[in-house]
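In what follows, chains are A, B, ... by sequence order, proteins preceding strands, each numbered from 1. Computed from heavy atoms alone, side chains included, the values below leave out hydrogens, waters and symmetry copies. For clarity, every value in this text was computed on a predicted model and none was experimentally measured.
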Amino acid sequence: MKEPQGRARINTRGESATEEGKIESLRLQVPDLRREALELLLQIPKGKVTTYHALAVALGDEAAARAVGQIMAANDQPERFPCYKVVHSSGEVGAYSAPGGSAAKIAKLRAEGIEIQDGRIVGLHRYLFTDFKSSRPLEQLRALQEELSAAISLEPLPKEPKTVAGVDVAYGRGEGERERAVAGYALLDLAGRAVGFETVEREVAFPYIPTYLAFRELPILLELLERVRGVGKLADVVMVDGNGILHPRHAGIASHLGVLLDIPTIGITKSLLCGQVELAGLGVREVRYVLLSGERVGAAVRLSERAQPIFISPGNKIDLEGAIELTLPLASSSHRLPEPIRLAHELCSAAAQQGREGRREEGKQMALGL
DNA sequence: GCGACAG
DNA sequence: ATCTTGTCGC
């Protein structure tokens, strides 16, 4: 069996007490990015505008530009947080989710003396404000991921596990409601039989941003797994719908969960986040390694005949070979995903859909005055 | 229109 | 992830 490259490098970074403390703080609190983005709007002077990109940079990563757009679109206090001041980098005024739509957005901007023709600001540079004072939360979270990756162990499992669980998260929201998440836990024995289920539901404030998925799903997954652990049903290994070390900073959500709970975790995804692997002609159960700057961080595997490949990576307290060896026998012939993840997905997506329908009914009844 | 980074 | 009809194939 080959040694995974890079194990030594991952484990040799120093950890100070303060770094440990920062990582531990994730257990209790993740920044409210929605709130921070909205509050940045209060810094924009009258007669000025900013862009989705500039706000993302102020939050600490331009990759968050689309998430900024989603946050603005979900702004339920347009009087308090002036999201009409956010436009495309091209000068295009863009959409406005508050009453009146883009026409209202244009009217509000013109009222502040901004020149607009054909839905586009004329001479954006004259009005552009980018000098935000910000703690740059995404920059801090990246640093946290770097530190967390140093705490990952990629040693093989100490002994054969007796149980494996899968976890997944589904989302939903009603009209004018904040986004809610349902997390599902499916506990299986090594024969692949389900022996227990659990779900947890709560509001989410952190948007999806590529490479920051952990901060969106960690709060609810920690709550779920702490609850399961409390009743003695925590599996020997937990499979997560997301990456382990197959991540630009070796810090996918499976690694976050594994380090924070000090348990073995495996990451499973349906698409490749980063790295290189040749997928052409991949046979069923054939293993091809994903390379990230020369390092083996994961593997592409097809679990069934017709299925597209999935991507497996160790999260914590397991090596890549062990992660693959544990995943293969938990595949069913007719599904793309291994059973623990598939069942967890079924569980939480059904619950989320029921939640959506339930709130829709409530909404109808409210509208009917019942 | 192109390119497009897990869920 | 979610929004979504029918359709093709094992």
(message) Considering every strand and a 4.0 Å limit on heavy-atom distances, what is the contact class for A:Phe206: base, sugar-phosphate, or nothing?
(response) nothing
(message) Both A:Arg306 and A:Tyr171 contact DNA chain C. Taking the nearest nucleotide for each, which residue is further toward the 5' end?
(response) A:Tyr171
Return a table of donor-acceptor pairs under 3.5 angstrom between the side chains of residues 230-243 of chain A and protein atoms on other chains or two or more places apart.
unit_1	atom_1	unit_2	atom_2	d
A:Asp236	OD2	A:Lys162	N	2.7
A:Asp236	OD2	A:Thr163	N	3.3
A:Asn243	ND2	A:Leu246	O	3.3

(request) May I have the distance from A:Gln70 (atom CD) to C:dT2 (atom P), rounded to whole angstrom? (result) 13 Å
Side-chain donor-acceptor pairs under 3.5 Å in residues 279-287 of chain A, sequence neighbours left out?
unit_1	atom_1	unit_2	atom_2	d
A:Arg285	NH2	A:Leu328	O	3.0
A:Glu286	OE1	A:Gly283	N	2.8
A:Glu286	OE2	A:Arg288	NE	2.8
A:Glu286	OE2	A:Arg288	NH2	3.1

(message) Among B:dA6, B:dC5, C:dA1, which nucleotide has an atom closest to any side-chain atom of A:Leu213?
(response) B:dA6
(message) At 4.0 Å (heavy atoms only), tell me whether A:Ile209 reaches a base, stays on the sugar-phosphate, or touches nothing.
(response) nothing
(request) Specify the separation, in whole Å, of atom CZ of A:Arg336 and atom C1' of B:dA6. (result) 12 Å
(request) Can you tell me the distance, in whole Å, between the CG atom of A:Asp168 and the C1' atom of B:dA6? (result) 11 Å
(message) Measure CD1/A:Ile341 against C1'/C:dA1 and give the value in whole Å, please.
(response) 15 Å
(request) Quickly work out the A:Leu257 CG to B:dA6 C1' distance and round it to whole Å. (result) 14 Å
(message) For a quick check of understanding: with a heavy-atom distance under 4.0 Å over all strands, which category does A:Ala63 fall into, base, sugar-phosphate or nothing?
(response) nothing
(request) Quick one: pull up CG in A:Leu260 and CG in A:Leu218 and give me the separation to the nearest 0.5 Å. (result) 5.5 Å
(request) Answer yes or no on whether A:Arg249 is positioned over the face of A:Tyr212, meaning its NZ or CZ is under 6.0 Å from the six-membered ring centre and within 45° of the axis. (result) yes
(message) Whole angstroms only, please: what is the OH-C1' distance between A:Tyr212 and B:dA6?
(response) 14 Å
(request) Rounded to the nearest angstrom, tell me the gap between atom CD1 in A:Ile245 and atom P in B:dA6. (result) 18 Å
(request) Tell me what A:Asn243 touches on the nucleic acid: a base, only sugar-phosphate, or nothing, going by heavy atoms under 4.0 Å. (result) base
(message) Nearest whole Å is fine: how far is C:dA1 C1' from A:Arg178 CZ?
(response) 20 Å
(request) Taking only the side-chain nitrogens and oxygens of A:Thr211, find out if one of them lies under 4.0 Å from OP1 or OP2 of B:dA6. (result) no
(request) Quickly, which of A:Arg126, A:Arg110, A:Arg120 forms a salt bridge (charged side-chain N to carboxylate O under 4.0 Å, His left out) with A:Glu115? Name it, please. (result) A:Arg126
(request) Determine if A:Tyr208 stacks with B:dG7; use a centre-to-centre distance below 5.5 Å and an interplanar angle below 30° as the criteria. (result) yes
